[in-house]
Amino acid sequence: MARAGLTGERLAQAGAELADEVGFEQVTVSALARQFGVQVASLYSHVRSSADLKTRIATLALAELADQAAAALAGRAGRNALLALADVYRSYARQHPGRYTATRFLPGTATPELVEAGRRHSELVRAVLRGYELDEPAQTDAVRLIGSTIHGYIALESAGSFAFSEHSSDDSWPRIINALDTLLRSWS
């Protein structure tokens, strides 16, 4: 093990924390080396590149988010499950903005761990959809609709796009989820 007890996992965790502080786009191997007070070269025995580091951060963030979503969904169905899933994503984005951005990261080559973490999210959304009794291809379309709506809302909200309205984004959120629920219940 290198100086400071560095490992790939420790670097990913430190990178995730740094992403929450300065933004995912600003995380590099050089930035982490400065944070740990080591030479950049000493980190390359644990991560291959900044892209590898970002892939590890994305994997960590997707796994954290999937764990939280799975816990929130336990015992819920239909609208309650949809709201629980949406709230977990929104809360995670607020608490961990850099990590949330990392969950949207698409590296040139995905690792098996990243693919698995992404698959868990798809399974969680499909678990929510079981309460709506949708068959294929409607289920795939609904997964895309839910993802687009939730992630789009979160992206606009975090960018400050709703800040210029007297009506709070917190007031709109449940209405958006209710509209999704209505649409999913009436999907033909």
Side-chain angles (χ1 to χ4, degrees), residues 8-13 15-17 19-20 24 27 47 51-158 169 172-188:
E9 293 77 24
R10 185 160 181 223
L11 292 174
Q13 183 65 45
E17 292 165 9
D20 288 339
F24 181 66
V27 176
V47 295
D52 178 38
L53 175 63
K54 287 185 174 188
T55 298
R56 289 170 185 253
I57 295 167
T59 303
L60 178 147
L62 282 168
E64 284 179 346
L65 187 51
D67 289 345
Q68 290 179 20
L73 290 176
R76 298 176 193 255
R79 182 195 176 282
N80 290 334
L82 180 63
L83 180 60
L85 179 75
D87 282 349
V88 164
Y89 277 85
R90 189 170 180 230
S91 292
Y92 190 83
R94 287 176 165 181
Q95 293 170 359
H96 302 291
R99 292 178 209 208
Y100 181 77
T101 299
T103 68
R104 318 282 14 116
F105 177 68
L106 297 174
T109 305
T111 64
E113 296 83 9
L114 183 63
V115 170
E116 173 61 21
R119 184 190 59 73
R120 285 184 64 201
H121 286 273
S122 178
E123 288 176 357
L124 288 166
V125 176
R126 288 182 185 274
V128 168
L129 291 175
R130 280 196 289 275
Y132 295 98
E133 301 178 12
L134 300 177
D135 293 329
E136 285 297 345
Q139 194 173 94
T140 296
D141 295 340
V143 167
R144 292 172 180 164
L145 172 68
I146 290 169
S148 298
T149 303
I150 292 171
H151 296 301
Y153 193 93
I154 291 168
L156 290 169
E157 184 178 47
S158 65
S169 63
S172 297
W173 182 247
R175 296 189 77 182
I176 300 294
I177 303 309
N178 285 338
L180 267 178
D181 173 63
T182 300
L183 175 62
L184 291 169
R185 282 188 285 114
S186 65
W187 201 298
S188 57

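Any value given below was found using the heavy atoms of this structure, including those in side chains, with hydrogens, waters and symmetry copies removed.
The minimum heavy-atom distance between Val88 and Ala69, with the atom names listed, is CG1-N, 3.7 Å. Contact between Ser169 and Arg94 at its shortest, heavy atoms only, is OG-NH2, 4.4 Å. Here the closest heavy-atom approach between residue Ala110 and residue Val115 is recorded as CB-CG2, 3.8 Å. For Ala102 against Ala58, the heavy-atom pair with the smallest separation is O-CB, 3.2 Å.
Here the CZ atom belonging to Arg144 is positioned 12.0 Å from the CD atom belonging to Gln139, to the nearest 0.5 angstrom. Taking CD of Gln95 as the start and CD of Glu64 as the end, the distance is 10.5 Å to the nearest 0.5 Å. The line from CZ of Arg126 to CG of Leu134 is 10.0 Å long, rounded to the nearest 0.5 Å. In this structure, CG in Asp52 is found 8.5 Å from OG1 in Thr111, a value given to the nearest 0.5 Å. A distance of 4.0 Å separates CZ in Arg90 from CD in Glu157, rounded to the nearest 0.5 Å.
Inter-residue side-chain proximity for Tyr89 and Tyr100 is flagged as met; some heavy-atom pair is nearer than 4.5 Å. By the 4.5 Å heavy-atom criterion applied to side chains, Leu60 and Arg99 are counted as neighbours. Side-chain contact between Val47 and Arg56: present, with at least one pair of heavy atoms (C-beta onward) separated by less than 4.5 Å. Residues Phe105 and Ile57 have side chains not in contact (no heavy-atom distance under 4.5 Å, counting atoms from C-beta outward). Using a 4.5 Å cut-off on side-chain heavy atoms (C-beta onward), Glu113 and Thr55 make no contact. Counting heavy atoms from C-beta on, the side chains of Trp187 and Leu145 come closer than 4.5 Å.
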Please test Ile146 against Leu184 for side chain to side chain contact (heavy atoms under 4.5 Å, CB included), starting from the C-alpha separation and ending with a verdict. CA-CA 10 Å; Ile146 290 169; Leu184 291 169; 3.9 Å; yes

Could you walk me through whether Leu62 and Arg120 satisfy the side chain to side chain contact (heavy atoms under 4.5 Å, CB included) test, starting with their C-alpha distance in whole Å, then the side-chain angles of each, then the deciding distance to 0.1 Å, before giving a yes or no? CA-CA 9 Å; Leu62 282 168; Arg120 285 184 64 201; over 6 Å; no

Would you give me the side-chain donor-acceptor pairs under 3.5 Å for residues 73-87, sequence neighbours excluded?
unit_1 : atom_1 : unit_2 : atom_2 : d
Arg76  : NE     : Ala72  : O      : 2.7
Arg79  : NE     : Asn178 : OD1    : 2.4
Arg79  : NH2    : Asn178 : OD1    : 2.7
Asp87  : OD1    : Trp173 : NE1    : 2.7

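A search for side-chain contact (heavy atoms from CB on, under 4.5 Å) contacts involving Ile176 returns Thr149, Tyr153, not counting sequence neighbours.
The only member of Thr101, Thr103, Asp20 that meets side-chain hydrogen bond (donor to acceptor under 3.5 Å, both in side chains) when paired with His96 is Asp20.
Within a 6.0 Å radius of CD in Gln13, other residues, nucleotides and ligands contribute more than 12 heavy atoms.
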